[in-house]
Amino acid sequence: MSSTSYVGVQRAGPSGFCANRKSTSPTRVTLTSVDQPRTLARFSRSVSIGAESLIRAAPLSTRPSTARDRRGSFPERDSPRACDGSRARAAIPPIRSQRSAIPVGSAALPGGGSRRPHNAPRGIVPSRASDRTARGIAVSTETTGGDCRSLMKKQNPSSPARRGRVVNSTPPAPLFYLGGGNGVKFLQSIFEGKGWQRISPGFEGKRDTRFKIKWCERASDFSFREFKEKKQMIGRNPKISCVGNKLQLRKTLQDYERRQLALGKSGFIPVKDIHPMTFEVTNARERAEFFKVSEENPTWQWICKPTGMNCGQGIFVVESVSEFKQQLLAEEAARSPGAKIPIRIAQRYIAKPLLVDGRKFDIRAYLFLASSNPMIGFYGGQGYCRLTIDKYDGAAASNKAAHLTNQAVQKKHPKYKEMVEDTTWSINRLNEFMNESGKYPKNWALEVLPGKIKGIMKQVLRSIEGKIDTRTGIFDFLGLDFLIDDDLNVWFIEVNVNPALHRNSEVLNEVITKAVTTAVDIVCDIFERQSQGQDALPLQVPTGDMEMLIGG
């Protein structure tokens with residue numbers, strides 16, 4: 001008949017369980033398989049449960065499993081009572097004072113190690129020293145007599161064996177959630193490189209709130225109400241549409257300009273010098289103003305854009321202002337009262353852009369808002385040029401491949417696969433082209449252009465102060481588009497809250513990889529300190545090509 005030994009500490013009381021009622025000496029109870037279930041249930045209520053109460057008892061000989069030994073070495077009438085008043089059925093020989101320590105080790109069990117038997121109550125651990133050593137439990141066998149709290153004070157309060165439970169000392173890997181298909185594999189490789197684990201995508205994963213960071217393509221994938229400040233990170237500010245929406249961008253820039261003028265400040269760039277004139281043509285008042293301005297400037301060209309779409313969707317160049325006017329009036333007349341229509345803007349078209357080999361291009365640069373409380377924003381490096389495939393001069397207004405530089409538009413061109421590397425240029429290559437042309441100041445793209453872009457980015461950051469969510473853990477990785485005209489004026493076109501992270505060319509692979517990897521390192525570094533109540537700055541990670549524009 002098998003037997004198992006368990007150890008514990010019992011504080012002496014009026015009906016004390018210990019053999020020596022004046023001490024708190026640890027005791028060993030030898031139970032046969034017959035008596036284990038019933039007696040263990042009683043014993044579990046009579047021992048002090050906790051890591052501090054675990055001891056390594058000296059080896060004791062096992063008594064033969066006779067009826068007398070199962071009853072105990074004393075007559076039942078003389079046996080001590082357990083805490084519940086019942087008679088104890090086990091012999092409880094006292095243990096001599098001794099001291100030994102088992103160093104904390106790995107939580108992994110070696111070969112042959114066993115965990116707590118299934119029928120042993122929680123808090124009572126088998127007395128095998130090998131098991132306790134394997135679990136990394138620091139155990140002392142000192143007995144002092146008196147209050148057992150004196151023994152507890154000697155134990156390490158941070159011991160992983162709190163309450164006698166087997167605890168894995170290795171913390172679980174942080175979880176991350178990625179939604180949509182925009183650079184998912186690339187982002188996954190970054191977080192897995194940090195040892196994190198991805199939450200499975202899909203309906204259930206989208207609603208899983210265990211994540212430490214969440215990076216999604218669509219705003220609908222975020223649950224901002226369930227967001228846990230200082231415990232989670234989310235890669236989308238719920239109020240970033242103040243610049244992410246084409247119409248709201250204009251209003252945000254104009255609001256900032258009015259505030260600066262009201263305060264008598266002059267250190268800002270006038271909106272008319274950096275952002276093309278814009279009208280909301282679905283608004284009757286602004287539509288009338290647009291008609292007036294277009295009549296006064298018949299040579300100006302216009303481009304129509306929906307405010308809430310990206311990737312070139314719904315955009316077209318206005319060929320005839322008069323025909324466009326008739327179209328708008330007809331749509332207004334046909335609209336039912338109270339019916340909702342997509343908001344559209346008419347924006348002045350930069351008719352004479354700087355061309356590269358006869359092709360139009362714009363510049364995609366990254367603005368990284370690492371924190372909104374305090375406001376910390378980074379210039380994400382030089383960015384890159386996005387070129388059209390078709391020549392610009394003489395192209396019809398309906399030819400999007402000649403007028404729109406979006407990669408989503410150019411991918412539809414039949415020549416895209418053979419020209420993919422020529423649709424994205426580095427800023428260094430643009431600088432070489434401008435130097436070779438002899439028409440522009442030397443090294444203008446490297447020495448002047450970055451300063452102009454950073455100046456506009458600073459103004460964008462200042463304009464959104466007081467308009468965005470300031471909870472700790474919210475960040476934004478934004479793509480800003482700039483257009484250079486033939487006079488080298490830099491025009492700020494729009495903000496993309498979900499910039500494309502596809503790396504299908506050498507330039508994109510180099511620029512995007514550096515920018516996103518550095519951004520993740522920065523936001524994690526800031527978050528870890530803020531979540532512990534520390535200051536967000538200074539940074540403890542390298543910033544690479546990024547440059548802090550606003551900090552603190």
Side-chain angles (χ1 to χ4, degrees), residues 240-254 256-257 269-281 290 300-318 343-356 359-367 379-380 382-388 392 397 400-410 423-425 427 430 445 449-450 452-461 463-464 476-500:
I240 199 62
S241 60
C242 63
V243 290
N245 180 283
K246 298 176 179 65
L247 181 60
Q248 294 299 320
L249 172 62
R250 183 203 66 174
K251 293 180 179 179
T252 299
L253 294 175
Q254 290 176 344
Y256 175 75
E257 182 175 336
I269 309 172
V271 177
K272 65 180 181 63
D273 294 340
I274 59 174
H275 190 60
M277 187 178 294
T278 304
F279 299 95
E280 182 187 352
V281 294
F290 164 67
W300 287 6
Q301 287 185 276
W302 302 87
I303 185 170
C304 183
K305 306 176 181 179
T307 59
M309 304 179 74
N310 56 11
C311 298
Q313 300 178 74
I315 300 177
F316 62 91
V317 178
V318 177
I343 299 176
R344 292 185 293 176
I345 62 171
Q347 191 173 74
R348 186 183 174 187
Y349 189 58
I350 308 301
K352 294 184 178 180
L354 179 64
L355 302 178
V356 172
R359 296 183 292 159
K360 183 181 176 181
F361 76 96
D362 69 358
I363 294 174
R364 167 62 60 84
Y366 296 113
L367 173 60
Y379 165 67
Q382 293 180 343
Y384 61 95
C385 302
R386 305 186 302 176
L387 289 77
T388 62
Y392 177 77
K400 289 188 176 182
H403 291 276
L404 304 182
T405 60
N406 307 64
Q407 282 285 297
V409 173
Q410 300 303 317
T423 59
T424 53
W425 279 18
I427 302 300
L430 173 64
L449 177 61
K452 290 181 176 289
I453 291 177
K454 285 185 280 188
I456 295 173
M457 286 184 172
K458 284 183 180 180
Q459 189 150 317
V460 171
L461 289 172
S463 69
I464 63 177
D476 277 284
F477 187 79
L478 307 172
L480 275 62
D481 295 339
F482 301 88
L483 190 67
I484 306 172
D485 65 20
D486 200 35
D487 295 325
L488 300 186
N489 296 311
V490 179
W491 296 95
F492 172 38
I493 305 301
E494 63 185 20
V495 175
N496 295 271
V497 298
N498 180 41

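In this chain, numbering begins with 1 at the start of the sequence shown.
- The two atoms that bring Met457 and Ala365 nearest to each other are CE-CB, 3.7 Å, heavy atoms only.
- The structure places CG of Leu483 at 8.5 Å from CG of Leu354, a figure rounded to the nearest 0.5 Å.
- Panel note: side chain Thr252, backbone Cys242; a donor-acceptor pair is recorded below 3.5 Å.
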For residues 243-251, which side-chain donor-acceptor pairs fall under 3.5 Å, sequence neighbours excluded?
unit_1, atom_1, unit_2, atom_2, d
Asn245, OD1, Leu247, N, 2.9
Asn245, OD1, Gln248, N, 3.0
Lys246, NZ, Met309, O, 2.8
Arg250, NH1, Thr278, O, 2.8
Arg250, NH1, Glu286, OE1, 2.9
Arg250, NH2, Glu286, OE2, 2.9

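- Checked against ring-ring contact (aromatic ring centres under 6.0 Å, His included), His403 has the following partners two or more places apart in sequence or in another chain: Tyr349, Tyr392.
- Counting only distance, with no hydrogens or angles, the side chain of Arg344 and the backbone of Pro306 share no donor-acceptor pair below 3.5 Å.
- Residues satisfying the side chain to side chain contact (heavy atoms under 4.5 Å, CB included) criterion with Ala401, sequence neighbours excluded, are Asp390, Asn399, Gln410, His413.
- Legend: residues meeting side chain to side chain contact (heavy atoms under 4.5 Å, CB included) with Val497, ordered by chain and number and at least two apart, are Arg236, Ile240, Leu478.
- Going from atom OG1 of Thr307 over to atom CD1 of Ile345 covers 7.5 Å, rounded to the nearest 0.5 Å.
- The minimum heavy-atom distance between Ala346 and Phe290, with the atom names listed, is CB-CE1, 3.9 Å.
- Side-chain atoms of Cys385 and Ile427, non-hydrogen and from C-beta on, do get closer than 4.5 Å to each other.
- Between Ile453 and Tyr379 the shortest side-chain heavy-atom distance falls below 4.5 Å.
- Expressed to the nearest 0.5 Å, how far CG of Leu461 lies from OH of Tyr256 amounts to 10.0 Å.
- Partners of Tyr366 according to the ring-ring contact (aromatic ring centres under 6.0 Å, His included) rule, which considers only residues two or more places apart in sequence or in another chain, are Phe477.
- Applying the side chain to side chain donor-acceptor pair (under 3.5 Å) test to Arg386 and every residue at least two apart in sequence or in another chain returns Asp362, Asp481.
- With sequence neighbours left out, Lys305 forms a side chain to side chain donor-acceptor pair (under 3.5 Å) with Gln347.
- With a 4.5 Å cut-off on side-chain heavy atoms, Val460 and Leu367 count as touching.
- With sequence neighbours excluded, no residue forms a side chain to side chain donor-acceptor pair (under 3.5 Å) with Lys272.
- Nearest heavy-atom pair, Ile493 versus Pro276, reported as atom, atom and distance to 0.1 Å: CD1-CG, 4.1 Å.
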(request) Kindly indicate, with the supporting measurements, whether the criterion side-chain contact (heavy atoms from CB on, under 4.5 Å) is fulfilled by Ile315 and Leu404. (result) CA-CA 9 Å; Ile315 300 177; Leu404 304 182; 4.0 Å; yes
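- Among residues two or more places apart in sequence or in another chain, the side chain to side chain contact (heavy atoms under 4.5 Å, CB included) test is passed with Asn489 by Asp485, Asp487, Trp491.
- Looking at Gln459, its side chain does come within 3.5 Å of a backbone N or O of Ile269 through a donor-acceptor pair.
- Between Cys304 atom SG and Phe279 atom CZ the span is 13.5 Å, to the nearest 0.5 Å.
- For Phe482, the ring-ring contact (aromatic ring centres under 6.0 Å, His included) test picks out Phe492, with sequence neighbours left out.
- In terms of the side chain to side chain donor-acceptor pair (under 3.5 Å) criterion, residue partners of Thr423 (sequence neighbours excluded) are, by chain and number, Gln407.
- At least one donor-acceptor pair closer than 3.5 Å links the side chain of Glu257 to the backbone N or O of Val271.
- Asp273 contributes atom CG, which lies 10.0 Å from atom CD1 of Ile456 (distance to the nearest 0.5 angstrom).
- Contact annotation: the side chain of Ile484 approaches that of Leu449 to within less than 4.5 Å [non-hydrogen atoms, C-beta and beyond].
- Shown here is Lys454, whose NZ atom has more than 12 heavy atoms of other residues, nucleotides or ligands within 6.0 Å.
- Residues passing the side chain to side chain contact (heavy atoms under 4.5 Å, CB included) test with Ala397 are Val317, Glu319, sequence neighbours excluded.
- Separation of atoms OG1 (Thr405) and CG (Leu387) is listed at 8.5 Å; rounding is to 0.5 Å.
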